[in-house]
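To start, the structure itself, in structure tokens.
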Amino acid sequence: MSKSLPKRSEDYSAWYNELVKRADLAENSAVRGCMVIKPYGFAIWEKMQQTLDRMFKETGHSNAYFPLFVPKSLFEAEEQNAEGFAKECAIVTHYRLKADPNKKGKLIVDPDAKLEEELIVRPTSEAIIWNTYKGWIQSYRDLPLLINQWANVVRWEMRTRLFLRTAEFLWQEGHTAHSTKDEAMEETTRMLDVYAEFAHDFLALPVIKGIKTANERFAGAEETFCIEAMMQDGKALQAGTSHFLGQNFAKAFDVKFADKNGGLEYVWGTSWGVSTRLMGALIMAHSDDNGLVLPPKLAPWQVVIVPVVFGNDNEALLNRCKELKSSLQKAGISVMLDDRDTQKPGWKFAEYELKGVPVRLAIGNRDLQNNSIELARRDTMEKSQVSLDGIEDYIKNLLDEIQTNIYQKALNFREKQTRKVDDYATFQRLLDEDPGFILAHWDGTPETEEKIKNETKATIRCIPLEREEEPGTCMVTGNPSAGRVLFARAY
RNA sequence: CGGGGCGUAGCGCAGCCUGGUAGCGUACUAGCAUGGGGUGCUAGGGGUCGUGGGUUCAAAUCCCGCCGCCCCGACCA
């Protein structure tokens with residue numbers, strides 16, 4: 001294994017793949033398209049989960065769990081949804097294996113064990129959940145119903161990439177039911193805001209909130225809201241979606257409620273989700289050619305202490321490291337003390353840079369005598385000598401500063417790579433030569449959108465929620481446009 | 001599903017064209033030295049060369065089939 005990563009500037013894709021593996025986040029498994037998330041990668045995901053879970057609960061949601069399998073008849077009930085996901089479903093057709101009569105020690109699918117009705121491995125859970133909701137909702141008193149589920153789903157993708165697109169992935173999916181359209185719409189945008197806040201405050205990732213065009217809308221939704229982030233190669237990554245489902249699923253699964261006046265009405269629904277894809281976003285947004293750069297709020301270890309040992313007389317030094325560790329922990333900082341004598345300090349430095357630990361403290365006898373420590377920031381790679389007195393407060397502040405700095409860096413990059421363009425030639429040239437977000441006028445038709453996609457591989461990422469009222473003309477057809485929409489090539 | 005590539009030691013690869021004792025780097029084990037940025041030297045262990053068949057005195061190498069994976073496209077969170 002070579003010691004250095006591929007360079008972002010030379011091969012962004014190879015850099016990403018290598019980084020994921022070398023930083024011990026995940027690896028490909030024996031199952032096509034499915035990854036193994038390794039302990040270090042999973043620790044980051046757990047931090048995301050904990051934070052999001054808290055935010056969901058603060059906004060009134062409860063967790064529940066629904067089955068992995070969806071009977072085909074339920075799956076097909078909401079036609080748009082079924083059609084949208086049909087071509088990437090895994091299907092269970094049998095429930096038993098038996099010994100192969102022709103090959104000793106091998107198994108075959110028992111043809112006598114065919115299921116009467118096939119089971120779809122959920123690509124998303126609206127069907128099974130709305131079918132369940134039918135039994136839970138009778139009256140306006142049962143509403144709103146605010147449920148979230150942490151689960152795995154399967155989408156049989158043609159081509160997969162660790163975290164960004166895997167055949168099986170982990171996610172959360174919120175599914176809510178409301179008595180009025182306004183309330184459901186309010187919920188949809190509330191959860192979009194939760195996602196945007198999470199991206200901003202924890203992922204240190206600036207995102208653009210917007211509405212998807214009809215082409216890009218979730219199958220079965222009336223309206224899809226999204227947050228879009230920019231990666232360091234200028235490509236867009238959809239980091240989360242929140243769907244206003246209207247009464248589509250209520251009608252498909254016959255979920256009605258008695259209102260205050262004794263009338264019977266269909267329920268209004270929403271669904272919203274983020275996935276392990278956020279890991280991909282986190283990696284691609286901040287990391288550099290030395291490895292991961294993790295925002296302190298999501299780093300499994302915010303600080304790593306590396307003792308720099310000489311000879312055998314290290315007891316005092318190691319004791320001092322342990323004291324330091326516990327005093328930092330008391331200050332609410334998560335700390336890794338790497339006192340292994342099997343690896344050398346230089347090796348550890350490189351290792352923790354690769355793993356993106358925000359702050360590294362190196363401490364040797366020389367430092368002890370000066371009552372100071374060598375501190376290295378991962379985000380800027382700067383090293384400095386810092387006094388051990390008051391080190392806890394110093395590091396707490398520094399972690400905040402790093403969190404902010406990482407965000408600011410990503411924001412600066414996004415702003416630099418976001419341009420307003422008015423003619424199609426410039427649009428095409430920029431996508432090839434200096435990729436990023438492009439704000440351009442579009443005539444609002446699916447045909448023009450499709451044409452642009454076919455010709456440039458760029459899609460409308462969203463119609464930004466916060467956009468200036470700026471009438472103009474479509475860069476392709478010259479027809480009138482109410483305002484600019486956000487274009488980019490996307491993951 | 002179309003295009004390209006790869007399957008040889010835990011990992012990364014060479015060897016294949018031109019068939020003849022299976023190699024390198026790294027990791028691993030041991031010893032000695034070293035020790036503030038991926039230590040150095042020495043010795044050692046580890047491989048049915050993806051799989052099935054064929055050609056041949058002889059196959060990692062040539063031929064045919066199969067399987068798997070990766071990358072690029074179309075599709076998609």
Side-chain angles (χ1 to χ4, degrees), chain A residues 1-6 11-14 16-18 21-22 24 27-35 84-89 103 123-124 152-173 195 212 215-219 224 226-229 236-243 271-281 290-291 306-314 317 341-355 360-370 372-374 376 381 383 385 453-454 457 459 461 489-491:
Chain A
M1 203 193 316
S2 93
K3 281 174 181 171
S4 60
L5 286 169
D11 190 342
Y12 194 80
S13 183
Y16 175 82
N17 287 328
E18 273 294 298
K21 286 177 201 161
R22 297 268 295 280
D24 260 345
E27 62 188 32
N28 285 302
S29 70
V31 189
R32 192 209 78 104
C34 297
M35 64 179 164
F85 285 100
K87 58 187 183 302
E88 50 190 33
C89 285
K103 281 188 187 158
T124 180
N152 58 340
V153 288
V154 169
R155 295 181 188 175
W156 213 262
E157 299 290 351
M158 292 298 174
R159 237 190 86 221
T160 59
R161 280 187 88 187
L162 292 169
F163 289 121
L164 295 175
R165 180 167 299 105
T166 46
E168 178 196 23
F169 57 94
L170 305 183
W171 77 344
Q172 60 69 216
E173 45 182 328
Y195 288 154
K212 287 290 186 192
N215 279 350
E216 304 276 328
R217 193 179 290 151
F218 176 75
T224 288
C226 63
I227 51 172
E228 294 285 331
L237 188 129
Q238 179 176 303
T241 47
S242 184
H243 314 292
S271 67
W272 29 273
V274 296
S275 71
T276 34
R277 188 178 224 206
L278 288 180
M279 293 287 293
N290 295 308
V306 178
V308 180
V309 296
F310 284 95
N312 298 317
D313 187 22
N314 298 311
L317 179 65
D341 57 6
T342 52
Q343 307 293 353
K344 308 198 51 173
W347 188 92
K348 293 177 185 175
F349 293 170
E351 180 68 10
Y352 292 108
E353 271 158 22
L354 189 59
K355 291 197 158 168
R360 183 185 73 231
L361 302 175
I363 180 163
N365 284 312
R366 203 164 73 197
D367 304 292
L368 274 193
Q369 279 162 15
N370 301 330
S372 73
I373 201 162
E374 184 192 87
M381 298 290 276
K383 285 196 270 195
Q385 285 294 127
K453 183 178 173 182
N454 290 337
K457 292 179 199 155
T459 49
R461 302 317 303 154
R489 290 192 181 139
Y491 278 98

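Here is the naming used below: chain letters follow the sequence lines, and residue numbers restart at 1 for every chain.
- Going from the C1' atom of B:rC11 to that of B:rC28 covers 12 Å, rounded to whole Å.
- At distances below 3.5 Å, at least one donor-acceptor pair connects side-chain atoms of A:Arg155 with backbone N or O atoms of A:Pro123.
- Nucleotides B:rU8 and B:rC70 place their P atoms 14 Å apart, quoted to the nearest Å.
- In this structure, of B:rC70, B:rC75, B:rC71, it is B:rC71 that holds the atom nearest to the side chain of A:Ser13.
- Nearest nucleotide to the A:Glu353 side chain, out of B:rG36, B:rG37, B:rC75: B:rG37.
- In a base pair of the Watson-Crick type (N1 to N3 plus N6-O4 or O6-N4) or a G-U wobble (N1-O2 and O6-N3), with each distance short of 3.5 Å, B:rU39 is matched with B:rA33.
- Taking atom P in both B:rG45 and B:rU29, one finds a spacing of 16 Å when rounded to whole Å.
- Residue A:Lys87 is in sugar-phosphate contact alone, with no base atom involved, counting any heavy-atom pair closer than 4.0 Å across all strands shown.
- Taking atom C1' in both B:rG40 and B:rA59, the straight-line distance is 41 Å, to the nearest Å.
- Mapped onto RNA chain B by nearest heavy atom, A:Gly33 and A:Ala167 fall at different nucleotides, with A:Gly33 at the one closer to the 5' end.
- Shown here, B:rG10 forms a base pair with B:rU26; the pair counts as Watson-Crick or G-U wobble because both key distances fall under 3.5 Å.
- Formation of a donor-acceptor pair under 3.5 Å by the A:Tyr195 side chain with backbone atoms of A:Cys226 is not found in this model.
- When the P atom is used for both B:rA14 and B:rU56, the distance is 31 Å, rounded to whole Å.
- Using a 4.0 Å heavy-atom cutoff across all strands shown, A:Asp367 reaches at least one base atom of the nucleic acid.
- Nearest-nucleotide positions on RNA chain B for A:Arg155 and A:Gly364 put A:Gly364 closer to the 5' end.
- Electrostatic pairing of A:Glu351 and A:Lys344 does not count as a salt bridge here, judged by no charged N lying under 4.0 Å from a carboxylate O.
- Using a distance-only test at 3.5 Å, with no hydrogens or angles considered, a donor-acceptor pair links the side chain of A:Asp367 to the main chain of A:Gly364.
- B:rA9 sits 23 Å from B:rG5 when the C1' atoms are compared, rounded to a whole Å.
- Applying the 4.0 Å criterion to OP1 and OP2 of B:rC70, one finds that A:Asn28 has a side-chain N or O inside that range.
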